[in-house]
Structures are given as C-alpha cells and as structure tokens.
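What follows is one structure encoded as structure tokens, with my remarks underneath.
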Amino acid sequence: MARHLITSALPYINGIKHLGNMVGSMLPADVYSRYLRQRGHDVLYICATDEHGTPAELAAKEQGLPVAEFCGKAHDAQKAVYDGFGLAFDHFGRSSSAQNAELTQHFARKLNENGFIEERAIRQVYSPADGRFLPDRYVEGTCPHCGYDKARGDQCENCTRVLDPTDLINPRSAISGSTDLEVRETKHLFLLQSKLQVEVEEWIARTAGEWPQLASSIARKWLTEGLHDRAITRDLDWGVPVPADTWPELAADGKVFYVWFDAPIEYIGSTKEWSDQNPADRDWKSWWYEADDVRYTQFMAKDNVPFHSVMFPATEMGVREPWKKVDYLKSFNWLTYYGGKFSTSQKRGIFTDAALEILPADYWRYFLIANAPESDDSSFTWEHFAATVNKDLADTLGNFVNRVLSFSRKRFGDDVPAGKEAGEAEAKLGTEIAGLLAEYEAQMEALQFRKAASALRALWSAGNSYLEEKAPWLEIKTDPEAAALTLRTAMNLIHLYAVVSEPFIPASSKAMRGAFALADDTATWVTAEQATSLDTVPAGTAFTVPPVLFAKITEEDLESYRERFGGAAE
C-alpha cells in the first residue's frame with residue numbers, strides 16, 4: 001500500500017488568509033488527508049508559513065516590528081486559525097527554519113555543481129528615495145497584458161502572468177510610492193531552466209496526463225512558451241542567505257534566495273522539522289529521497305501552478321539527486337466574493353478568523369468543499385451560504401439526527417430499541433446506502449470534491465427518505481416493534497454518517513459518534529457489508545441526544561453579516 005505525502009501551497013505570512021485561500025489549498029488537502037487516514041493509509045500532511053520575500057518585509061514594516069518577530073507572531077496567529085478550522089496537519093512549519101535554510105543552500109550548491117546556476121550582471125530597478133534596489137514585489141504598476149493597475153513586479157494577481165519589474169507600466173516603489181525609479185546594474189544568480197526544458201517536458205508528458213485539465217494546461221502553456229532562465233536571488237534583508245563558501249561576493253552583498261526558490265523546498269524542510277521533533281521514530285528522508293513507495297499529491301490555486309508544475313520540478317531535476325516529485329497536482333480556480341476577487345492585499349471578502357467568530361468551522365468546511373472552484377470559478381454569496389447550510393446541514397443531516405434520537409428516547413428510553421428483524425424496507429435501504437457509499441468513495445479517490453459532497457448529501461438524504469417512508473411516529477400507534485426497528489436502523493445510519501462524514505465535518509461527526517456508548521467503537525470506515533446490514537449499533541446500546549448540530553441561519557443573521565462584510569464586492 002502506497003504511502004501518501006500531501007502538501008498544500010504555503011500561505012504567505014502577511015496576515016490572516018481569506019476563504020478563497022482556504023478552499024484553494026489547505027481545506028481540500030485536509031479533507032483528502034483525513035479520508036486516506038480513515039481508509040488505513042500511511043499519510044503525512046505537511047504545510048508551513050511562507051515567510052520570506054517582500055510580503056514579510058512590507059507587513060513587518062507596516063506594523064513597526066522586526067521581520068523575525070513579526071513572522072513569529074503571524075505564524076502563531078495563522079496556526080490558531082487553522083486549528084480552529086480543524087486542519088489536521090502532521091506538521092505546520094516555517095520557511096524561515098534552519099532546516100529550510102540548510103536544504104535550500106544544498107539545492108543551490110548542487111545546481112551550481114551541475115551547471116544549472118549562473119552568475120549574471122543585470123539591470124535592476126533602483127529607488128533613490130528608498131536608497132536600495134527594489135526586488136520584484138517592491139515594484140508595483142500596471143500589467144502590460146491585462147491593464148490591472150495593482151500588478152506586482154513578479155506576477156499579475158489579475159491575469160496570473162509572470163512578470164519582471166521592468167515589464168510594468170508606470171512603475172512605483174511599494175515602499176515609498178516613489179515613481180522616481182532608476183535602472184542600475186547588479187549581480188544575481190540565475191537558474192538555467194532553459195537547459196532543463198526537455199527533461200521537464202518529458203516528465204510532464206509522463207506525469208500530467210491524470211492531473212486536472214487546469215493544472216496540466218498551465219504547465220504545458222509554460223513549456224510551449226519556453227522555459228526562461230530566472231533570477232533566484234534578491235536584494236532583501238530577510239531570506240535564506242546565499243552561501244559564502246560558494247558565492248562570496250554575492251554573500252557579501254547580502255543577497256538572499258528568491259522566495260519562489262526556497263518556498264517549495266520548505267515542503268522538504270517542514271518534513272525535516274517534523275522529523276527533528278522526534279528523530280527516533282520519524283524519518284523525513286524516506287518521504288522525499290528515493291521514495292518510490294510514496295504517492296505525492298499537491299493542492300493549490302491556479303496562480304501557484306506554474307511554480308509547482310515546472311519551476312520546482314526543474315529544480316529537483318537539476319540537483320541530479322532522487323528527490324520525490326509530485327505525482328498529482330490538484331489545482332483550483334478562484335472563489336469569488338459576489339463575483340469579485342477575494343484579496344488579502346485589498347482586504348476584500350471574508351477572512352478565516354472572522355468566519356470562525358461567526359459560525360463553527362464545520363459550517364464553512366462543508367460549504368466551501370461542496371462549492372469548491374474545481375472546474376471553474378465559484379462565487380460566495382451570503383444567500384447561497386445560508387441556503388446550503390440550512391438545507392444540507394440543518395434540515396437534511398441535523399434534523400435527522402435530532403428527531404431520531406429525541407423520538408426514540410421519548411418512546412423507548414435511553415437505550416437503542418430492539419424491535420423486529422430487518423425487513424424488505426431495510427434490505428432496500430442497505431443496498432442503496434452501500435451503493436451511495438461506493439460512489440462517495442470513488443469521488444474521494446478521484447479528488448472530485450464537489451461530486452464527493454453531492455454523494456455525501458445523497459447518503460444523508462437516503463436516511464430521511466427511509467424515515468418518511470416508515471413513519472415511526474405513525475408506526476408507534478399500531479406496531480411499536482416496527483417503530484423500534486425503524487429507529488434502530490436510523491440510529492445505525494447516524495453512526496454511519498458520523499464515520500463517513502468526518503473528512504468534511506469532523507467536529508459534528510465526533511458529536512454524532514459520541515452519542516452512542518459503544519464499548520469498542522474503533523471503526524475508521526464503513527465496509528460495503530456494514531453499510532448493507534446497518535447493524536453496527538446493536539439494540540441495548542445506551543445513547544444520548546447531542547445538542548443541536550447545526551442552527552439555521554436566519555434572515556436577521558444574514559442582514560447582520562451583509563452589514564459587516566458587505567453584500568457585494570467593491
């Protein structure tokens with residue numbers, strides 16, 4: 001059985017992330033990791049804060065803090081939010097770690113030894129007002145391709161085209177806003193991607209066939225346009241330093257590695273951080289080096305795809321060492337806010353800390369995955385959010401759990417009633433549940449999250465249909481034993497729902513599962529036979545009625561949310 005390595009794109013350190021960032025990387029990775037663990041696989045889910053580059057320096061400057069202090073506080077703040085969302089990382093590291101610095105410098109030295117790094121003199125934007133060279137993200141202006149007037153010097157946030165600062169129209173300093181910019185000569189290290197083009201093309205041809213079309217098409221588009229040699233150092237005070245033993249002149253100038261060079265290496269660095277916490281029992285290298293038994297899945301939004309599908313694999317190839325490369329790259333489009341973009345930099349949309357202030361994590365987890373922007377962009381509106389929560393969670397699942405347990409306790413006491421032997425209706429239900437469970441499993445295995453949510457919703461709906469058909473509130477009047485059978489079967493459905501819903505709504509699943517005092521409830525999944533028989537919770541098992549799982553969102557709630565966050569993008 002393959003071991004599963006899972007990573008999600010590293011969130012930038014500059015502030016709490018919005019819901020679009022959550023659904024585009026970390027949340028689906030968590031759902032998939034939880035599912036694989038439940039199915040008995042050996043899983044390692046790794047993530048980290050991306051702490052280098054201009055976002056960190058600019059955010060620290062804005063808060064008047066040293067960069068290291070800012071990053072430490074911001075890492076803890078982000079981790080607290082992710083804990084609140086129930087993200088079950090095996091390790092959530094930091095790209096500023098000593099492990100990442102060591103590995104990044106190792107990769108750079110090996111690339112240099114193999115002839116894939118070259119020192120070049122280039123002309124770079126210099127700001128007299130700031131007294132320094134400006135790295136790409138320190139330069140802002142208008143994108144020459146789409147006309148977006150807040151494009152950065154490395155990439156346009158609007159059209160995702162990769163840029164150089166000198167490409168921008170009407171450029172200005174992101175530090176001072178000065179437009180008095182000059183172009184001066186300085187030296188930097190370049191990764192010679194052009195020399196690796198054929199190898200990357202051959203690897204993409206072998207690997208990307210099963211990727212989502214979004215990911216494979218972006219990778220192939222980059223390759224069709226041709227891989228260009230790319231500067232991998234910057235003039236910053238904060239970052240992984242260029243090693244003086246290899247490039248003494250650049251090290252003396254204070255050059256650091258470009259964030260997009262060291263950030264993907266942090267996946268390995270974070271794994272080493274995890275391993276170093278307990279080296280006797282953890283072997284980080286077995287997950288990354290000569291790891292033929294590992295299946296590696298990455299999760300990210302489409303703007304991160306070029307770096308992960310081309311640049312990082314090229315880096316791994318160039319070191320001429322057997323580092324693990326991605327097997328499956330799961331990419332996502334944008335989640336929009338009333339048709340406009342969520343934006344960390346422009347503070348537009350709902351941010352994850354605010355979301356948790358309003359409602360429990362499971363409300364957000366389910367809605368986001370059920371509406372994940374897989375094949376195209378999807379839009380968040382408060383109206384759609386409320387309708388989904390009320391219909392799927394409150395009415396379909398929550399109401400089923402509450403009315404079954406409450407009615408049974410009222411009529412039969414605090415133990416699961418026995419009743420008659422299962423009959424034709426129960427046999428029909430078991431066959432239906434087993435089929436729906438197989439569909440759910442198939443969609444999860446295929447990483448089709450919206451379809452998986454639809455299959456899960458169908459499982460919940462099947463229980464409601466059975467309950468309406470059997471109508472135990474009527475059966476109890478003429479045949480109490482038949483009513484007891486119906487309720488016992490429904491309670492077994494509740495336990496089944498608790499187990500299989502855990503990847504989506506872990507807190508609610510725990511509450512459902514905890515309703516039954518089963519002596520040895522160690523099941524991690526439900527087999528087809530168990531789904532058919534629906535006898536995991538036997539008669540005589542004590543149970544309790546948990547608090548309401550999902551409260552409905554009212555029109556008054558919606559009005560307050562719209563007032564706080566706005567009903568449309570600006």
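Given the structure is predicted, the values throughout are model-derived calculations rather than measurements. Counting begins at 1 with the first residue of the sequence. Side chains included, hydrogens not; waters and symmetry mates left out as well; all remaining heavy atoms used.
Sequence neighbours left out, the pairs with a member in residues 228-252 that pass ring pair (Phe, Tyr, Trp, His ring centres under 6.0 Å) are H52-W238. For residues 95-133, the set of pairs meeting the ring pair (Phe, Tyr, Trp, His ring centres under 6.0 Å) definition, not counting sequence neighbours, comprises F107-W323, Y126-F133. Judged as a salt bridge (Lys or Arg N to Asp or Glu O under 4.0 Å), the pairs with a partner in residues 93-107 (not counting sequence neighbours) are, in order, E51-R94.
Remark: R220 pairs with no residue by the side-chain hydrogen bond (donor to acceptor under 3.5 Å, both in side chains) rule, at least two apart or across chains. Residues satisfying the side-chain hydrogen bond (donor to acceptor under 3.5 Å, both in side chains) criterion with E441, sequence neighbours excluded, are W525. In terms of the side-chain hydrogen bond (donor to acceptor under 3.5 Å, both in side chains) criterion, residue partners of E445 (sequence neighbours excluded) are, by chain and number, Y35. For K285, the side-chain hydrogen bond (donor to acceptor under 3.5 Å, both in side chains) criterion is met by no residue, not counting sequence neighbours. Residues forming a salt bridge (charged side-chain N to carboxylate O under 4.0 Å, His left out) with K325 (at least two apart in sequence, or on another chain): none. Evaluation of the salt bridge (charged side-chain N to carboxylate O under 4.0 Å, His left out) rule for E113 yields K110 as partners, not counting sequence neighbours. Partners of E225 by salt bridge (charged side-chain N to carboxylate O under 4.0 Å, His left out), not counting sequence neighbours, listed by chain and number: K221. Listed by chain and number, the residues in a salt bridge (charged side-chain N to carboxylate O under 4.0 Å, His left out) with E118 are R120 (sequence neighbours excluded). Annotation: side-chain contact (heavy atoms from CB on, under 4.5 Å) contacts of Q213 (sequence neighbours excluded): none.
F449 and F299 have tilted rings, their planes meeting at an angle from 30° to 60° on a 0 to 90° scale.
Figure legend: cation-pi geometry between K341 and W334, with NZ or CZ positioned under 6.0 Å from the six-membered ring centre and within 45° of its axis.
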